[in-house]
Amino acid sequence: MKRDFLSISDLQRGEILEIIDYGFYLKEHPFSDRSLEQKSIGMIFMKPSTRTRISFEVGIYHMGGQPIYIQGSSTQISRGEDIKDTARVLSRYLDGLVIRTYSHKEVEELAKYSEFPVINALTDLHHPCQVLSDLMTIKEYFGVLEGLKITYVGDGNNMANSWLLGAPLVGMNISIATPEGYEPNGRAVAEGIKLAQLFGTELEITNDPIEAVKDADIIYTDVWVSMGQEGEKEKVKDFDGFQVNSELLSKTNKEKTIVMHCLPAHKGEEISEDIFEKFSEVIFTQAENRLHAQKSLMSFLYK
Ligand code: CP
Ligand code: NVA
């Protein structure tokens with residue numbers, strides 16, 4: 001049966017670890033996996049992208065496949081053709097689909113009616129490819145995942161939602177600090193709490209960033225205004241005290257805390273320029289690992 005990757009919790013812990021380890025192998029041997037030979041993978045983007053689009057295109061090429069970039073606005077979806085029909089048509093041509101769009105429900109519908117694996121390349125609800133790659137980066141830096149504490153500081157957006165699931169799945173503790181009114185999605189919180197109970201990990205959601213970063217091995221942040229929220233720029237004023245800067249970093253009580261960012265960054269808003277530069281090697285390794293982790297994911301989905 002085909003497998004989709006719409007949320008990080010579509011994978012079991014053992015599968016995530018297997019994908020990460022194979023990602024390290026592919027990092028060393030980029031052209032060794034030819035799982036996509038004679039396969040055409042569509043890539044529909046309804047939102048802009050630098051990392052996701054290019055890492056998928058290059059990755060599909062490395063694996064012998066044909067990437068087909070499809071700008072959302074150039075398709076009949078933008079003129080209202082329904083998702084169900086689009087899925088059934090594309091199933092006659094493609095062997096897989098990577099999609100970045102707004103509505104998560106639409107991606108679920110697309111996956112339901114498609115005969116090929118569907119990969120969520122970001123929706124308003126989740127960004128699982130980013131978390132998968134970030135877990136690979138964390139393993140690269142710490143050697144382990146289990147028992148580490150990650151603190152997400154900022155907007156309760158798609159990244160926060162995906163971390164709420166990703167952390168407990170691999171045995172990490174998580175604290176999420178957002179301003180009041182910007183907490184993560186309720187459905188993601190409920191699923192995260194269930195996973196944390198199942199795996200015996202800690203999960204905290206708070207409005208206090210200083211309390212949240214205590215004992216953090218990783219501080220993670222993302223933009224305060226996500227794609228699709230361009231009309232809500234005034235929300236930035238609600239994020240006073242939520243910038244990841246040297247003062248906040250000093251509150252972890254740990255010497256080896258690293259700072260991560262999924263990019264693109266708005267320096268001077270969610271992260272100070274000096275902290276961004278101090279951790280730029282980690283941050284650009286995160287970006288690089290998108291390529292390796294997604295190749296490993298595709299190899300897994302096409303096994
Ligand atoms: N982090 C990330 O998904 O970047 P892009 O929006 O450039 O793809
Ligand atoms: N939360 C951001 C992530 C970008 C990779 C957005 O959705 O725009």
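Any value given below was found using the heavy atoms of this structure, including those in side chains, with hydrogens, waters and symmetry copies removed. For ligands, and for the atoms within them, numbers begin at 1 and follow the listed sequence.
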**OP:** On the 0 to 90° scale, with breaks at 30° and 60°, tag the His62-Phe31 ring pair as parallel, tilted or perpendicular.
**Re:**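 Plane angle between 30° and 60°, so tilted.
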
Per-atom contacts of ligand 2 with [X], taking only distances under 4.0 Å to non-hydrogen atoms:
| X | result |
| --- | --- |
| Asn157 | 1 (N) |
| Ser226 | 1 (N), 2 (C), 6 (C), 7 (O), 8 (O) |
| Leu263 | 5 (C) |

Original post:
Could an N or O of ligand 1 be found under 3.5 Å from any N or O of Cys262, whether backbone or side chain?
Top reply: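 Min N/O separation from ligand 1 is below 3.5 Å for Cys262.
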
Original post:
Are any of the N/O atoms in Arg53 less than 3.5 Å from those in ligand 1?
Top reply: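 No.
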
Which residue and non-hydrogen atom of the protein lie closest to [atom], and at what distance in Å?
| atom | answer |
| --- | --- |
| atom 8 (O) of ligand 2 | Met227 N, 2.8 Å |
| atom 3 (C) of ligand 2 | Asp222 OD2, 3.5 Å |
| atom 4 (O) of ligand 1 | Arg51 NE, 2.8 Å |
| atom 6 (O) of ligand 1 | Arg100 NH1, 2.8 Å |
| atom 7 (O) of ligand 1 | Thr50 N, 2.7 Å |

**OP:** Say whether Glu270 and His266, considering side chains only, have a donor N or O and an acceptor N or O under 3.5 Å apart.
**Re:**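 No, His266 and Glu270 have no side-chain donor paired with an acceptor closer than 3.5 Å.
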
Subject >> Short side-chain donor-acceptor distance under 3.5 Å, Ser91 and Glu115 >> reply: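 No - no donor-acceptor pair under 3.5 Å links their side chains.
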
Determine whether [X] and [Y] make a side-chain contact, defined as any pair of heavy atoms from C-beta on separated by less than 4.5 Å.
| X | Y | result |
| --- | --- | --- |
| Leu125 | Asn158 | no |
| Ile138 | Leu145 | yes |
| Phe279 | Ile219 | no |
| Lys254 | Thr257 | yes |

Original post:
Considering only heavy atoms of Arg290, which atoms of ligand 1 have at least one such atom less than 4.0 Å away?
Top reply: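 Those atoms are 1 (N), 2 (C), 3 (O).
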
Original post:
With atoms numbered from 1 as shown, which atoms in ligand 1 lie under 4.0 angstrom from a non-hydrogen atom of His127?
Top reply: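 So the answer, numbered in order with elements, is 2 (C), 3 (O).
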
Original post:
Strictly under 4.0 Å, does any heavy atom of Leu263 approach an atom of ligand 1?
Top reply: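 So Leu263 counts as touching ligand 1.
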
Original post:
Quick one: does Lys47 get a heavy atom under 4.0 Å from ligand 1?
Top reply: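 False for this residue.
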
Original post:
To which of Asn158, Asp155, Thr52 does the heavy atom nearest atom 7 (O) of ligand 2 belong?
Top reply: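 Residue with the shortest heavy-atom distance to the ligand atom: Asn158.
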
Original post:
What part of Leu122, side chain, backbone, both or neither, has a heavy atom within less than 4.0 angstrom of ligand 2?
Top reply: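 The answer is the side chain of Leu122.
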
Original post:
Checking Glu106 side chain against Tyr102 main chain: does a donor-acceptor pair fall under 3.5 Å?
Top reply: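 Judged by distance alone, no pair lies under 3.5 Å.
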
Original post:
Counting heavy atoms not belonging to Asp240, are there more than 12 under 6.0 Å from its CG?
Top reply: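 At most 12 heavy atoms, drawn from other residues, nucleotides or ligands, come within 6.0 Å of this atom.
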
Original post:
Are the ring centres of Trp224 and Phe239 closer than 6.0 Å?
Top reply: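 Yes, the ring centres sit under 6.0 Å apart.
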
